[in-house]
Amino acid sequence: MIPLLIALVLTAPPELKRAKDRFEFGAYADAAGTLRRYLATSPSLSEEEAIDAYRILGISEYHLGDQAQARAAFVNLLSHDPDYALDPFLVPPPIVEFFDRVKREHEPALAPLRERRRALREQERLADEAKRRLLAEEQSRTGPPTKVVRVQERLYLFNWMPLGAGQFQNGDRAKGTAIAAGQIVAGVVNLSAIIFHNQLAEDRTRTCISGQPGCSRPPYSDSDRVLLGRVEAVKYVSAGLFWALYAYGVWDAHKHFVPIVETEVAPGGGSGSVKLEWAF
């Protein structure tokens with residue numbers, strides 16, 4: 001019930017949504033005026049929308065003291081659903097009693113309408129049964145299906161993930177493995193270089209002062225400074241390689257991405273072959 005109400009709110013016409021919002025806030029005059037103007041244009045409403053509109057209009061008119069307009073709105077509501085009943089937990093008792101009285105007064109006209117609706121529902125049920133019987137007869141004549149199409153929906157988000165996720169989803173395992181391995185190695189090397197560089201730079205036992213042999217640029221010795229430069233180069237090269245592989249993986253995943261794959265398989269499972277791929 002709650003999902004249905006949410007769907008009605010999201011798909012309702014703007015005028016009906018505005019009237020509902022004003023009604024919920026107790027602005028009955030605004031809600032009634034909006035609905036009167038809207039319904040006067042003979043809008044194309046679904047049965048659920050029409051019932052909701054006349055319910056709000058009838059309750060609003062009653063709150064405004066115009067019982068004649070409230071009665072007219074409730075009669076219109078009952079013309080769409082002669083079995084409708086107001087919820088006594090949500091609607092004040094006087095309005096529920098007024099609505100029930102209007103329903104009893106118009107029972108002679110509602111009875112054939114109610115019977116007609118039941119007949120229509122019975123016809124729809126019979127039509128559905130005839131359709132199912134027709135399909136069952138055709139299936140018994142042609143036998144069980146000789147093939148089954150399995151539909152697989154792929155996630156677009158995987159195209160942006162690292163470690164070859166997009167390639168694995170697209171079925172290119174070799175390329176996905178290569179990208180994943182390259183990114184893992186580059187990431188490990190980069191992290192190791194960062195840790196080693198920080199440890200070397202913060203090691204006070206390796207510092208030197210001006211005048212000492214091999215200490216042309218204190219606080220690091222010339223050999224340590226060369227080593228720090230090489231480690232920093234490894235750090236930037238490994239980071240560049242990681243992001244280059246990531247960028248290539250994203251580009252390649254988008255290039256070969258198909259959102260839906262239909263695979264033809266034998267009934268009862270087993271191996272299958274790709275029958276159809278669709279891409280935008």
Side-chain angles (χ1 to χ4, degrees), residues 1-135 153 155-157 259:
M1 184 63 180
I2 293 178
L4 176 60
L5 293 176
I6 294 175
L8 289 176
V9 170
L10 293 177
T11 60
E15 295 83 353
L16 183 55
K17 185 178 184 305
R18 169 181 167 77
K20 182 186 289 287
D21 292 340
R22 303 309 300 159
F23 175 79
E24 296 295 338
F25 279 103
Y28 300 117
D30 193 354
T34 300
L35 284 174
R36 281 197 298 268
R37 289 190 298 272
Y38 180 56
L39 294 171
T41 62
S42 300
S44 178
L45 294 175
S46 67
E47 188 170 88
E48 291 79 7
E49 291 171 345
I51 291 172
D52 206 27
Y54 285 114
R55 176 186 65 84
I56 294 173
L57 180 58
I59 295 175
S60 298
E61 295 287 12
Y62 189 94
H63 279 294
L64 296 172
D66 194 338
Q67 293 192 3
Q69 290 295 330
R71 176 185 295 273
F74 286 150
V75 170
N76 274 281
L77 186 159
L78 291 169
S79 71
H80 289 279
D81 185 358
D83 294 318
Y84 191 86
L86 294 176
D87 190 340
F89 292 101
L90 301 177
V91 182
I95 301 180
V96 175
E97 294 174 2
F98 178 78
F99 179 85
D100 291 341
R101 186 164 62 252
V102 171
K103 184 191 289 189
R104 287 194 300 270
E105 291 174 359
H106 290 83
E107 184 59 30
L110 294 176
L113 179 60
R114 187 179 295 114
E115 186 61 31
R116 177 60 178 166
R117 285 168 58 87
R118 289 173 182 169
L120 289 174
R121 285 196 296 268
E122 180 64 17
Q123 289 179 4
E124 292 177 357
R125 186 186 66 81
L126 293 176
D128 289 340
E129 287 186 357
K131 179 180 178 180
R132 287 194 296 268
R133 187 165 53 250
L134 173 64
L135 295 176
E153 295 186 12
L155 298 178
Y156 177 74
L157 179 63

- Using modelled atom types only, decide if a donor and an acceptor are shared between the side chain of N76 and the backbone of A72 within a distance under 3.5 Å. yes
- Measure across P13 and E49 and return the closest heavy-atom pair with its distance rounded to 0.1 Å. CD-OE2, 3.6 Å
- Is it true that a side-chain atom of S60 and a backbone atom of L57 form a donor plus acceptor pair closer than 3.5 Å? no
- Backbone N/O of A32 and side chain of R22: donor-acceptor pair under 3.5 Å: no
- Message: Between E129 and L126, is there a side-chain heavy-atom distance shorter than 4.5 Å?
- Response: yes
- Query: For E61, which of R36, Q67, R71 qualifies under side-chain contact (heavy atoms from CB on, under 4.5 Å)?
  - Reply: R36
- Task: Give the minimum heavy-atom separation between F23 and R55, together with the two atoms involved.
- Result: CE2-NH1, 4.2 Å
- Task: Measure the shortest side-chain to side-chain distance between Y54 and F74 over non-hydrogen atoms and say whether it is less than 4.5 angstrom.
- Result: no
- Message: Once rounded to the nearest 0.5 Å, what's the spacing between atom CG of L45 and atom CG of L16?
- Response: 7.0 Å
- Item | Salt-bridge contact E122-R125 (side-chain N to carboxylate O under 4.0 Å) | yes
- Item | Ionic contact status for D100 with R104, cut-off 4.0 Å | no
- Message: Nearest 0.5 angstrom please: L35 CG to D52 CG, how far?
- Response: 9.0 Å
